[in-house]
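Down below is the structure, laid out as structure tokens.
Because the structure is a prediction, the values reported are computed rather than measured. Lettering of chains follows the sequences in order, A, B, ..., and the numbering in each one begins at 1.
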Protein chains: 2
Amino acid sequence: MQSQQSRVLVQLRDLILKGEFAPGERLAEIPIAERLSSSRTPVRLAFATLEQEGLVQLSPSGGYVMRAFTRKEIDDAIAVRGVLEGMAARLVAENGLTREMSAELHECLKLGDEALKGPEMTIDAYADYVEMNNHFHQLLIDFAGNAALTRAIELNNRLPFAAASATLPMHSSTGDGRQWLLITHNQHRSMLHAIERREGSRAQAVAMEHVEVARMNLRHAYEKGSESIEIMPAMRLLARRQGTGSH
Amino acid sequence: MQSQQSRVLVQLRDLILKGEFAPGERLAEIPIAERLSSSRTPVRLAFATLEQEGLVQLSPSGGYVMRAFTRKEIDDAIAVRGVLEGMAARLVAENGLTREMSAELHECLKLGDEALKGPEMTIDAYADYVEMNNHFHQLLIDFAGNAALTRAIELNNRLPFAAASATLPMHSSTGDGRQWLLITHNQHRSMLHAIERREGSRAQAVAMEHVEVARMNLRHAYEKGSESIEIMPAMRLLARRQGTGSH
DNA sequence: CTAGTTTAGATTGGATACAACGTCAAACAC
DNA sequence: GTGTTTGACGTTGTATCCAATCTAAACTAG
């Protein structure tokens, strides 16, 4: 078993992302330490990390409080992801793919085709698509071979909703979610096509356009409001109004 | 006076950036705690933050070791800065400037003109230019009004050499440094011009080209090798060969 | 009844104590 | 002479302790 430190960090981050704490809520060390059956020390260590990740904030009076996220902040973070993934796609196009890289990416497209082939999507097919989507994005980032870029994307994705998978169309079972998945899947195909033809600028443009679907889905979830909290608990971290909501 | 936590963090980061620790060196808590006259607790907290910043690494056997940076990693980080600052410039151009914003940016240009006006640069004039440069870049980032972007740039700048000021031409007194400052200054002017005309794409392109000077200077410093360690102690953190240098 | 003050409790920031672990070195065996 | 094992030392990870501070409630005075 690993150290308390990493266990507490992972579990606490999980609790936060599950919406266990209300925005602005004071995060006392003792109750959390008890809840995760550890002492205060690993909890404080975890807080230091989570503060860097932007999930919690130092309170001026000491201690930490849960951060609130405005709609604009999430939207902005998605835009940043677009730019960074656009850079990744451009780099991959400029540097060129090896045969193995190309094969891996094509495998993703194939998995996507299979998940989307029926007229209706099962839950399993949806899960498969999400996994394929994550893999595809991760491959592009890895193939770009730029550690600072990888890091920047990783840190940006720590913000709730900013990650690629967080804002895939969630209502796939209702039918119109599948339409959007078809569109994002086609964008993946365009991206790979551009990359293989070394069209860096096109690859970048498609990658940037790609996140617009995520923005649209965020808007959708935001308007649905409380309904989407059921399937996306992290929605609770979204402040309904501008401001931090902490006082 | 502030907390030990923040004091130790700042001082320790300073020590690291001054090249006090060799790449791969084990960073023991007790000596550092004694050196900064605190207990191990704040040091440990600082390590957690510095690890997030990428300056130190967890050793598999426990504890932290000083990270080594390869030339490529720094170069890549500068490329990421170019993309992010390019995004900032584009956003500012697209959103437009208020009268106050415009005035502040023009003030920077004026200060730069003054610092560069003589045929030779004094140390003071150089210092003024550096300060103006930082301010100009920070203004653009602030005016973009995208918190995730601000954060991403900030985190990326924590890597040594990646920040805008870190790789300005350092040999300004020798004359050819001044030439390069004239060029970067002119790029600032072009950027503002593009922004005022709402030419987002041009503003972005200039901002991206702008960091090429930084890359060139890094190459320059790297080739000079030990000479540049005198004026840039952080050069010691650059691994002379690929790899982590930790074993 | 309200507002201000005081006091008691809880909580954080920091230091230290302790146990488990890893590392290094010396000594022994082959 | 070399390789291995064992033991001692140092370090980390974690828990707890203490003091300083903030919070909140209750009480008093106007």
Side-chain angles (χ1 to χ4, degrees), chain A residues 1-16 20-68 243-247, chain B residues 1-16 20-68 243-247:
Chain A
M1 179 188 156
Q2 5 174 15
S3 64
Q4 294 279 77
Q5 234 169 273
S6 49
R7 183 182 63 84
V8 167
L9 174 60
V10 169
Q11 292 187 0
L12 183 52
R13 192 191 285 129
D14 238 51
L15 286 181
I16 289 175
E20 284 285 315
F21 308 103
E25 180 179 342
R26 185 188 187 81
L27 300 172
E29 291 173 1
I30 298 177
I32 290 175
E34 279 171 4
R35 189 162 173 181
L36 303 179
S37 8
S38 80
S39 75
R40 287 173 49 209
T41 310
V43 173
R44 293 190 47 193
L45 251 320
F47 275 150
T49 302
L50 293 171
E51 195 216 348
Q52 286 292 309
E53 294 182 3
L55 291 178
V56 304
Q57 267 180 326
L58 263 149
S59 161
S61 60
Y64 293 88
V65 297
M66 187 62 218
R67 245 199 77 177
T244 64
S246 59
H247 28 217
Chain B
M1 180 186 157
Q2 6 173 15
S3 65
Q4 293 281 75
Q5 223 170 287
S6 50
R7 184 182 65 83
V8 168
L9 174 60
V10 169
Q11 292 187 0
L12 183 51
R13 191 192 285 130
D14 238 52
L15 286 180
I16 290 175
E20 284 286 316
F21 308 103
E25 180 178 342
R26 187 191 185 81
L27 300 173
E29 292 173 1
I30 297 177
I32 290 176
E34 280 171 4
R35 191 161 172 181
L36 302 179
S37 8
S38 79
S39 76
R40 288 173 49 210
T41 311
V43 172
R44 174 169 279 279
L45 254 318
F47 275 149
T49 301
L50 292 171
E51 195 216 348
Q52 287 290 309
E53 294 181 3
L55 292 178
V56 304
Q57 268 181 325
L58 263 150
S59 162
S61 60
Y64 292 89
V65 297
M66 187 62 219
R67 245 200 76 177
T244 64
S246 59
H247 30 214

B:Arg13 and B:Leu9: CA distance, side-chain angles, deciding distance, side chain to side chain contact (heavy atoms under 4.5 Å, CB included) verdict
CA-CA 6 Å; B:Arg13 191 192 285 130; B:Leu9 174 60; 3.9 Å; yes

Distance, nearest 0.5 Å, that separates OG of B:Ser39 from CG of B:Leu36:
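Answer for the OG-CG pair, B:Ser39 versus B:Leu36, is 11.0 Å.
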
Round to the nearest Å and state the distance from [X] atom [atom1] to [N] atom [atom2].
X	N	atom1	atom2	answer
A:Gln5	C:dC21	CD	P	15 Å
B:Glu34	C:dG14	CD	P	18 Å
B:Glu29	C:dT16	CD	P	14 Å
A:Arg40	C:dA15	CZ	P	14 Å
B:Ile30	D:dT11	CD1	C1'	6 Å
B:Arg7	C:dG13	CZ	C1'	13 Å
B:Arg26	C:dC21	CZ	C1'	11 Å
B:Leu58	D:dT11	CG	C1'	14 Å

So, is B:Gln4 near the phosphate of C:dA15, with a side-chain N or O under 4.0 Å from OP1 or OP2?
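Indeed, a polar side-chain atom of B:Gln4 lies that close.
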
If you compare every side-chain N and O of B:Ser39 against the phosphate oxygens of C:dA15 (OP1, OP2), does one of them come in below 4.0 Å?
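Indeed, a polar side-chain atom of B:Ser39 lies that close.
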
Nearest to the side chain of B:Ser38, heavy atoms from C-beta on, is which of C:dA15, D:dT14, C:dG13?
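Of the options given, the side chain of B:Ser38 lies nearest C:dA15.
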
5' precedence on DNA chain D between B:Ser61 and A:Gly62 (nearest-nucleotide basis):
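Per heavy-atom nearest nucleotide, the more 5' residue is B:Ser61.
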
Considering only heavy atoms from C-beta outward, does the side chain of B:Phe21 approach that of B:Ile32 to under 4.5 Å?
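They are in side-chain contact.
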
Is there a side-chain contact between A:Leu45 and A:Val8, using heavy atoms and a 4.5 Å cut-off?
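They are not in contact (no side-chain heavy atoms under 4.5 Å apart), so the answer is no.
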
Could you tell me which non-hydrogen atom of A:Ser37 sits nearest to which non-hydrogen atom of A:Gln4, and how far apart they are?
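Of all heavy-atom pairs spanning A:Ser37 and A:Gln4, the closest is O-NE2, 3.8 Å.
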
Which part of the nucleic acid, if any, lies within contact of B:Leu45, taking any heavy atom under 4.0 Å across all strands shown: a base, the sugar-phosphate backbone alone, or nothing?
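Here B:Leu45 touches no strand at all.
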
Just to be sure I understand the rule, does B:Thr41 reach a base, reach only the sugar-phosphate, or reach nothing, if contact means heavy atoms closer than 4.0 Å?
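Counting heavy atoms under 4.0 Å across all strands, the contact made by B:Thr41 includes a base.
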
Identify the residue among A:Ile16, A:Leu12, A:Val65 that makes a side chain to side chain contact (heavy atoms under 4.5 Å, CB included) with A:Val56.
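Of the listed residues A:Ile16, A:Leu12, A:Val65, the side chain to side chain contact (heavy atoms under 4.5 Å, CB included) partner of A:Val56 is A:Ile16.
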
Has the side chain of B:Arg44 got a donor or acceptor atom sitting under 3.5 Å from an opposite partner on the base of C:dG14?
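Answer is no: no donor-acceptor pair is held.
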
Reading DNA chain D 5' to 3', how would its secondary structure be written in dot-bracket notation, given Watson-Crick and G-U pairs with both distances under 3.5 Å, brackets [ ] for crossing pairs and | for partners on other strands?
||||||||||||||||||||||||||||||

Residue list, side-chain hydrogen bond (donor to acceptor under 3.5 Å, both in side chains) with B:Glu29, at least two apart or on another chain
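Once residues adjacent in sequence are excluded, the partners of B:Glu29 under the side-chain hydrogen bond (donor to acceptor under 3.5 Å, both in side chains) criterion are B:Arg40, B:Arg44.
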
